[in-house]
Enquirer: 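Mind looking over this structure? Questions follow.
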Amino acid sequence: MSEESSNSSNYGLTSKETSATIAAPDMSYLPARPTNPPPIGLIGAGGISEYHLRAYKTLGFDVRAIANRTLSKAEARRDEFFPDARVTDDWRELVSDPELQVLDITPHPEVRLPMIEAALNAGKHVLSQKPFVENIADGERLCALAESKNLKLAVNQNGRFAPHFSWMRQVIAAGLIGELASIEFSLNWDHSWTADTPFDQIHHLLLADFGIHWFDIVIAFLGDQPVQRVFASVTEAPHQVGTPPYLAQVVAEAGPVQIRISMNAGVRHGQEDRTMVCGHLGTLKAWGPELNDQRVSLHTKDGVAIPELAGCWFENGFQGSMGELLCAIEEDRVPVNNARENLCSLAFCQAAVRSADTGKVAILQGNG
């Protein structure tokens with residue numbers, strides 16, 4: 001190559017992108033709020049219920065009953081958040097209560113399954129904690145049951161409503177970055193807090209528990225484009241303090257879209273979370289030192305837009321999951337976090353686990 005041509009191209013070492021600052025597009029990224037929230041019952045007053053109830057109190061939702069097999073835990077949650085709510089140690093009382101229209105069901109999947117089925121058979125709309133089910137066939141059956149009764153069945157995949165992910169999701173849906181080419185997540189954080197907890201007994205802690213959020217975000221970004229091939233691997237990080245592998249990586253294909261997820265749960269210093277979504281018209285980026293502290297930018301031929309987003313994951317996320325379900329009930333539409341689409345996220349997650357266990361590429365039919 002001549003000196004003249006090499007100077008003009010610069011081998012791609014210098015970006016020719018404009019650095020002009022442009023106005024950020026106005027997106028409806030904040031949690032949806034129903035006009036007339038229906039009465040809600042909460043089943044399961046464990047640790048995660050604190051975030052559910054705090055979100056519902058902030059938005060003025062009407063929680064009228066709390067059930068937990070250890071009654072004192074239900075009483076503690078009631079006293080902290082909804083002093084007028086009834087409490088019981090029998091979840092079936094909430095299922096049979098004609099006053100309650102919506103049940104938020106938070107126990108673990110194997111316990112939750114019959115609760116969801118009973119709630120749907122009793123005519124209740126349901127928000128299920130994630131992961132929705134352990135077996136895709138069980139999920140298909142519950143989705144069909146909800147549809148046959150014209151009930152809304154949603155999943156608390158609250159990452160969809162984190163400010164940065166919600167804004168990015170809206171930008172992608174609006175076509176502002178064009179046809180997707182790649183989706184990439186780089187997660188570098190300190191997960192050592194799990195070492196002395198029940199999480200330490202989950203071998204695929206990264207892929208099957210924590211990673212389910214990112215599998216779901218991928219599905220939300222892709223829209224109707226199904227994931228087809230998945231390769232994943234896990235290994236221990238040097239000097240990690242927990243039992244499960246602290247390093248995981250996933251590479252996947254969804255038609256022409258490449259997907260890459262890398263996770264390092266053993267980063268003690270300089271933690272960072274990064275997201276990059278590239279389309280033929282533009283690129284979305286998000287970055288920050290933790291999941292609740294994220295900035296986002298949109299890069300196009302016209303310049304760079306950096307929106308000022310309100311809230312954080314653990315505020316907007318839990319508000320958004322229930323708020324979206326209640327709005328879908330009010331407007332008689334399918335919620336964004338509907339259970340049937342969540343089966344695609346679960347299938348993606350389970351394919352990654354299969355691949356990591358076998359060392360082979362996992363093939364999905366559609367997303368199932």
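Given the structure is predicted, the values throughout are model-derived calculations rather than measurements.
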Enquirer: For Tyr51, check ring-ring contact (aromatic ring centres under 6.0 Å, His included) against everything at least two apart and list the hits.
Expert: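 Testing Tyr51 for ring-ring contact (aromatic ring centres under 6.0 Å, His included), a comparison that skips the adjacent residues, returns Phe314, Phe318.
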Enquirer: Quick one: closest heavy-atom pair of Ala119 and Leu103, and the distance?
Expert: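 Minimum heavy-atom separation between Ala119 and Leu103: CB-CD1, 3.7 Å.
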Enquirer: Regarding Asp104 and Thr106, do their side chains bring together a donor and an acceptor under 3.5 Å, going by distance alone?
Expert: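 No pair is found: no donor N or O on one side chain lies under 3.5 Å from an acceptor on the other.
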Enquirer: Tell me the closest heavy-atom pair linking Thr300 and Leu176, and the distance in Å.
Expert: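 Smallest interatomic distance, heavy atoms only, reads CG2-O, 4.4 Å.
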Enquirer: Which heavy atom in Trp167 sits nearest to a heavy atom in Ala24, and how many Å separate them?
Expert: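 Scanning both residues completely, I find the closest heavy atoms to be CZ2-CB, 4.2 Å.
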Enquirer: Sequence neighbours left out, what passes salt bridge (charged side-chain N to carboxylate O under 4.0 Å, His left out) with Asp332? Give chain and number order.
Expert: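 Testing Asp332 for salt bridge (charged side-chain N to carboxylate O under 4.0 Å, His left out), a comparison that skips the adjacent residues, returns Lys152.
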Enquirer: Applying the 4.5 Å side-chain criterion to the ILVMFWY set and letting contacts propagate, would Leu153 and Leu326 be lumped into a single cluster?
Expert: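 Looking at the clustering, Leu326 is in a separate group from Leu153.
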Enquirer: Sequence neighbours left out, what pairs pass salt bridge (charged side-chain N to carboxylate O under 4.0 Å, His left out) with at least one residue falling in residues 265-277?
Expert: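 Found Asp190-Arg268, Glu272-Arg274.
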Enquirer: Give me the ring orientation class for Trp313 and His213: parallel if the planes are under 30° apart, tilted from 30 to 60°, perpendicular past 60°.
Expert: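 Aromatic pair Trp313/His213 classed perpendicular.
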Enquirer: Assess whether a salt bridge exists between Asp357 and Arg354, defined as any Lys/Arg side-chain N lying under 4.0 Å from an Asp/Glu carboxylate O.
Expert: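 Salt bridge absent between Asp357 and Arg354.
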Enquirer: Starting from Val234, can I reach Tyr246 by hopping between I/L/V/M/F/W/Y residues whose side chains sit under 4.5 Å apart?
Expert: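 Different clusters.
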Enquirer: Ion pair present between Glu147 and Arg340, side-chain N to carboxylate O less than 4.0 angstrom?
Expert: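 Judged by the 4.0 Å cut-off on N to carboxylate O distance, Glu147 and Arg340 do form a salt bridge.
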Enquirer: Kindly indicate whether a cation-pi arrangement holds for Arg112 with Phe132, taking the cut-offs as under 6.0 Å to the six-membered ring centre and within 45° of the axis.
Expert: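 No - Arg112 does not lie over the ring of Phe132 by the 6.0 Å and 45° rule.
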Enquirer: Quick check on salt bridge (Lys or Arg N to Asp or Glu O under 4.0 Å): which of Glu99, Glu93, Glu75 does Arg86 satisfy it with?
Expert: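 The residue from Glu99, Glu93, Glu75 that satisfies salt bridge (Lys or Arg N to Asp or Glu O under 4.0 Å) with Arg86 turns out to be Glu99.
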Enquirer: Between Asp90, Thr88, Leu94, which is the residue that forms a side chain to side chain contact (heavy atoms under 4.5 Å, CB included) with Arg92?
Expert: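 In the set Asp90, Thr88, Leu94, the residue that makes a side chain to side chain contact (heavy atoms under 4.5 Å, CB included) with Arg92 is Asp90.
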